[in-house]
Every structure is written in structure tokens, then in C-alpha cells.
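Contents: one structure, followed by commentary.
Both backbone and side-chain heavy atoms feed into the values below; hydrogens, waters and symmetry mates do not.
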Amino acid sequence: MRLPSNLLRGFALIALTSTAAAGNGGAMPFQINQGVSGAWYNPETVGQGVLFDVEPTTGLLFGAIFTYETATANKLGAPEHRWLTVQGSYQGNQAQVPIFLTSGGVFDQPVGTTTAPVGSATISFDSCTAATLSYALTDPPLTGSIPLQRVIPGSETLCLQLQPDPVALPEQISAEQASAFVDVSVIPMTSDDPTLLLEHQVVVIEDGVISRMGTVGTVVIPDGAVQIDGRGLFLGPGLTEMHLHIDTGGRAPAQDAGLLLIANGVTTVLNMGDGFGIGVPALGDSFESGVRIGPSLIAGNTAYGQGSGPRVVNTPAEATAYADRLANLGYEYIKEYWQLSPAVLEQFEIESQRLGLPIVGHIPLTRPMGESLSRGQSMAAHIQEPYASFMNYRTNVNQIGPAAQIFVDNGTYMTPTLAVFQSYRLVYGGNQAQFDQLSMREGQQYTGRSVKQVWQDFFDSATVQGNGQTIGGYESVYAFFERMTREFHQAGVPLLVGTDGPGFPGVMSGFGVHVELGLLQGVGIPVPEVYAAATRNAGRFVDDTLAPAVGFGRIAPGMRADLNLLAANPLESLDTLRQPLAVMARGRLWSRDHLQAQLDILAARLTQEAKKVLPLHSLDGYTDSHRCLDHFATADRPSGHSGINFQRLQRRPAMNH
């Protein structure tokens, strides 16, 4: 009889106890114990079966499979009889073990036997009375599965007594604490095939990074690691938000946004400009250190090319000074705006190379789109960018393909931000009913008064109410944006997920990401590819442009531990992403219960604040995202027409632009 030389250590699992988490009515997932030892058989093949023996100290399972081909009279141990054994370690409810064939023996005679491996088996126990043996033989090649039940009814008593009591998932796991997800289905997003699913995986996290992973039975879990039972659950990469203005509404909403993002499974954010008012890079540091709940925050700031102010850049010398300022304050990229002059654009390209500050944002209107992309702009901030810079604000379907090809040729990423265009479409012309409906979307109870005031100011502005707009007047342009998004994806342009929130009605921090996911699916992009845009594509984009110390958006050894534990397969439905059972960012985990408790506290605080009368200037609102939609056109128009200009919004003096 052959015994394995390296047995995995025994361990205790932490199981999620909610009904959705357990996947079996809330019960603790089954665990193999000594009580499964005994005789099992398939009722359809009477006379054949398996004897199991479990040794819990070493975690060893042994099984003897009795079967036959043809009975031979007056002879025991004939070649027609089969003596098969399985033996190896087990974890949870499953053992993945080799199959051995022993031959040459004769009953009650000292005849030598030979034992050789002939395949492999997976033995899965659903309960103390039901199991399945799946096999794959090599010679002859043969696969199949055998349902098993106990031979002797009532022999499961010991097995039931040895089943452990459920252990709740900890509310939090620190980044310094090693942890492991055990026997979980993983969506790795490590290849060009977003549908890849790896079952029965162990994923180990140490020092905020995925240190090792592999099939159950092949991965050693570090001593002292917190182990999370993943049976029946799915582990996917954390979501990303690649166009956010986190300081919309001021300091308090920005700090609260970290919780809203994490509660929605968003673990990495690209902040696309702020007013230098609250120190966004420092806020990101507070998220990373664990002082506040929040995602990894990559901060950049915008350079405008018209007017005056701390972010207006009119000359090459000002471009050098502005780039130095961003680098000294901890910003990680330059966001260019439409009206920067060619001389300033060229200087920013020099500074980008000198300081390692990539260039993203709007495609400048002061030179051809292809030139900007070929000279290093790595991402366009809206689907409207080629519509403005390449199509001259015309909904010409014949120009979608050529525009997409320029993106493909230059490897440029596109962040459509359909969520903000949908918001604008719905309120266009002063549609009060739609504004009210957007303002009551899920998440509004966690959104501060100052952010909602920004929404109201936007709705009351001439941009929405005036200039002869009529309700429904933006439908054709929005439909064109949807078509552009679909055809850009079909052409191979890598898409990212971003919202331009939370400065527009109903586009809330964290919650808006799920709105965007639904809109991308709605234009015809398959669910797995939408999920890839929110995970893998963002990781590749940051790898390509910002060169982080560790990657994210994928699940593999060496990647940052940004993960969502899910009750169902997100490749089948994006809805399961709305309620992650647990969220891990940089190796720090928060359970759903913990996050909901923090959300409840936030909602109660905001309710109390809403009862107070605050001076208008104390709201400290900020609408940088509104400027991101400057030249937001209402329809086809002749060359040179300026279109809708979001700078016409009636802003309060307290807002810093």
C-alpha cells in the first residue's frame, strides 16, 4: 500500500454563515471527518462499493474500491477481480487523490502483488450520507462519476457529531494578518479569455499580496493564517473606478466616499482632477494606511488652457511649473484639457518623460486626435472625446470605425463614462421627474447634502434648463455615444469603467460604478467582457502607464490582494457584484456586515446633518467634473460652433476651480 509522502496540515475553516454565503440554506458547508469512515455504495451497482477510512490527525483519506468484470468459479483473487485504492490528503469536503491498481494476489496465500497508479479521483462529500466519486483512468482512458450513499442506514451519527459549528467571518482582517480563501471558485482575469474560471482554489494572502494559489491539496497554508471557507462562493478581482472626482462636495464627502467605494467592491480609483482644496493624495494615503476605509487612490490633476486660476496653463514655462507642482504634491499623472495650446502640449510631453507623469484626459481640440494619441496620451476620459476632436461634433456613423482604429493603432484606452451622459440625457431640458428619480437612486442615503446641492445647482443651471432645450432633445446624441462604445469595443479598443461622478444627479461614489456596468452591458458588451473592463483592463492600463510596484485587477501570485468574495458567479450576472460578501483591498478585508454597519452610521449622521441649517458657503461644493463635459454637444452642428459650455453653470463663490 502506498502512502503520500507530503501530507497537508489539518486546519479549521472560517465559514460565512449567511444564507447567501453558505449557498446551502445557511448551513455550515460540509467537512470531511472521521465519521465518514465505513462502507459506501452506488445503489445501481449492487455488489460493488467503497470502504473509506479517515485519519484526522494527518488529514489522510484512504479508500478501497471493490469491483469486478467477470466472476470466475472456484478461484479467489482472479485477474477478473479488481482491487483499486485511493489515498491522499483532504480539505473541506473534498479529496483529490491518485487511483492505484493492485494485482497478482491470491486469497490467503503469500503471493507477491504489484501496485501502480492508473488515474486520479475527486471524492466530494455533500453530507454525512451522500458523496460523489469522479474518476479519470489513464489506461484504458475512461472518465465518469459514481454517486455514493452509506451501506448501513444510521451509521452517520458520529459524522454529524463531528461537524464543526459555524464560525462567522471576522468583521475585519488586517493587512498584516496572513489569510487564505480555501476551496473557492476564482475568476482570475489573467488571460485574454475573461470567462476562465478556476474551481477548488486556495488563494493565500501575505503582506497585502497574493503569495500563492492553486488547487485544493496543492497549496500549503501558512501557520496562523485566517482561513475563509470558499465552498460554493466565487472570488473575483476588486472593481475599479477610472474617472472619479472624489472631492465633489468638499472634505467630508470625499472622506465618506472611501467607504462607499469599498462597500460597492471598488478597490482602485483614478481620481481625475480636483481643486487642490483637500489634499487628495494625502486622502489616498489615509486609505492605504487603514486610518480610513477606502480604495487605492491614484490622483492626478487637470491643466486647463483658457481663463485664469491655479490650474490654467497658458505657456510652456507654466507647463513646467505646473508639472513640478503636481509631482511635489504627490500627484501621479497629468490630465490634459481641450484648449491647451500645441506649445503647452509639447512641453507637457517633455515634463511627462522627465517626471514620470503620464498624460491622460480629454483629447485636445487644438491638434489632430491621431497626433495626440501617437505622442503619448494613454487614455481618453469620455466616449465624447473622438466625437469632439475627430468627428467635429457630428453623429457620423461612418467615422466610428476610423476613429476606433486610431485608438487601436496607438494602444489608447477609452473610458466611456456612459453614466454621466445618461444622467445628463435624463434631466436635459429641465425634466424634474427624472431629476427626482435620479436623486432617489440606491446610495443617496449615504450621499452628503453638499453633493446633492451640486446636483441641484447643475439641474438649475442654464446648461440644463435654458437655451431652448426640450425634454428628450439629447436622445440622438446619447444613442450615438452608445453605438460608439459598442463599436469601439468590437474594434478592440480596451475599455475602462469610470463614471465622472459624483457631481451629476444620481451618479454616486461607488454605486455609480454599478450603473456604468449595467449601461455597458446594455449596449451589447457581453457580461464577462464588462467585468474585464472593470478589473483586468484597469490593471493593464495602470501597468502600462504608471508602472506600479505590484499589479491589480487580476488574481495571481504577486498581484495586490484586491478581491471581492461573491455569492454567485459574476460572469453570469453583474448583479452579484452589487453585494459582495467581503471586500479585500491591499490585503485588508471588511465583511459585508461590517461595511453595512458603517453605512448605517453614515446614513444616521447625514440624516442629523440634514436637519441643521447650514450657511451656504459651508457646503464647500466642487464641480470639477462639470468642466469635464465642456463642449457637451446637443446635436450635430456646423464647424466652429462652441456647443454647450459647462463653464456657464452658476457656481457659488466657495467653489474652487
Close side-chain approach of F100 to V118, heavy-atom, < 4.5 Å: no

Heavy-atom pair of closest approach, residues Q34 and P56: OE1-CG, 3.9 Å

Nearest-0.5 Å distance that lies between atom CD in Q172 and atom CD1 in I293: 6.0 Å

Non-hydrogen side-chain atoms of L133 and L148 separated by less than 4.5 Å: yes

Reference residue F511; test side chain to side chain contact (heavy atoms under 4.5 Å, CB included); the match among N264, T499, L261, V266: N264

Any donor-acceptor pair under 3.5 Å from N564 side chain to P580 backbone: no

Inter-residue atom distance N537.CG - E529.CD, 0.5 Å rounding: 9.5 Å

Flag, side chain of Q201 to backbone of S185, donor-acceptor distance under 3.5 Å: no

Non-hydrogen side-chain atoms of V209 and M559 separated by less than 4.5 Å: no

Derivation of the side-chain contact (heavy atoms from CB on, under 4.5 Å) call for V523 and L418: CA-CA 10 Å; V523 304; L418 291 177; 4.0 Å; yes

Minimum heavy-atom distance between T576 and S573, given as atom pair plus value: CG2-O, 3.4 Å

T85 vs I65, side-chain contact (heavy atoms from CB on, under 4.5 Å): CA-CA, chis, key distance, verdict: CA-CA 6 Å; T85 58; I65 306 171; over 6 Å; no

Residues T115 and T102: side-chain donor-acceptor under 3.5 angstrom: yes

Nearest heavy atoms of C159 and V36, plus distance in Å: SG-CG1, 4.0 Å

Flag, side chain of Q149 to backbone of P43, donor-acceptor distance under 3.5 Å: no

Nearest-0.5 Å distance, CD1 of residue I555 to CE of residue M213: 6.5 Å

Closest heavy-atom pair and its distance - S591, L169: CB-CD2, 3.8 Å

Ionic contact status for E487 with R483, cut-off 4.0 Å: yes

Any side-chain donor near an acceptor of the partner, R586 and S296, under 3.5 Å: yes

Side chain proximity check, Y41 to Q48, heavy atoms < 4.5 angstrom: no

side-chain contact (heavy atoms from CB on, under 4.5 Å) evaluation trace for V530 with V527: CA-CA 5 Å; V530 173; V527 166; 5.6 Å; no

Donor-acceptor contact below 3.5 Å, side chain T415 vs main chain T417: no

Heavy-atom donor-acceptor pair, T535 side chain to P237 backbone, under 3.5 Å: no

Worked verdict on F62 versus F52 for ring pair (Phe, Tyr, Trp, His ring centres under 6.0 Å): CA-CA 6 Å; F62 172 81; F52 287 121; 9.2 Å; no

Derivation of the side-chain contact (heavy atoms from CB on, under 4.5 Å) call for Q422 and V515: CA-CA 10 Å; Q422 182 205 49; V515 174; 3.9 Å; yes

Salt bridge flag under 4.0 Å for residues R554 and D192: no

Sub-4.5 Å side-chain heavy-atom contact between I298 and V269: no

Check: V497 and L239 side chains under 4.5 Å, non-hydrogen atoms: no

Pair T58, E55: side-chain N/O donor-acceptor within cut-off below 3.5 Å: yes

Any side-chain donor near an acceptor of the partner, S124 and Q94, under 3.5 Å: yes

Side chain E156, main chain G154, donor-acceptor under 3.5 Å: yes

Interatomic distance, L565 atom CG to F181 atom CZ [nearest 0.5 angstrom]: 5.5 Å

Any donor-acceptor N or O pair under 3.5 Å, side chains T190, R536: no

Close side-chain approach of E241 and L270, heavy atoms under 4.5 Å: no

Pairing of R578 and E442 as salt bridge, 4.0 angstrom limit: no

Minimum heavy-atom distance between L589 and A582, given as atom pair plus value: CD1-CB, 4.0 Å

D126 atom CG: more than 12 heavy-atom contacts under 6.0 Å: yes

Point-to-point distance, once rounded to the nearest 0.5 Å, from CD1 of I262 to OG1 of T267: 6.5 Å

Whether T138 side chain and P141 backbone form a donor-acceptor pair below 3.5 Å: no

From CZ (R588) to CD1 (I173), nearest 0.5 Å: 11.5 Å

Steps toward side-chain hydrogen bond (donor to acceptor under 3.5 Å, both in side chains) verdict (T195, D193): CA-CA 5 Å; T195 66; D193 178 10; 2.6 Å; yes

R212 (side chain) donor-acceptor with V220 (main chain) under 3.5 angstrom: yes

Taking every non-hydrogen atom, the tightest pair across H489 and P526: NE2-CD, 4.3 Å

Any side-chain heavy-atom pair of V182 and I228 under 4.5 Å: no

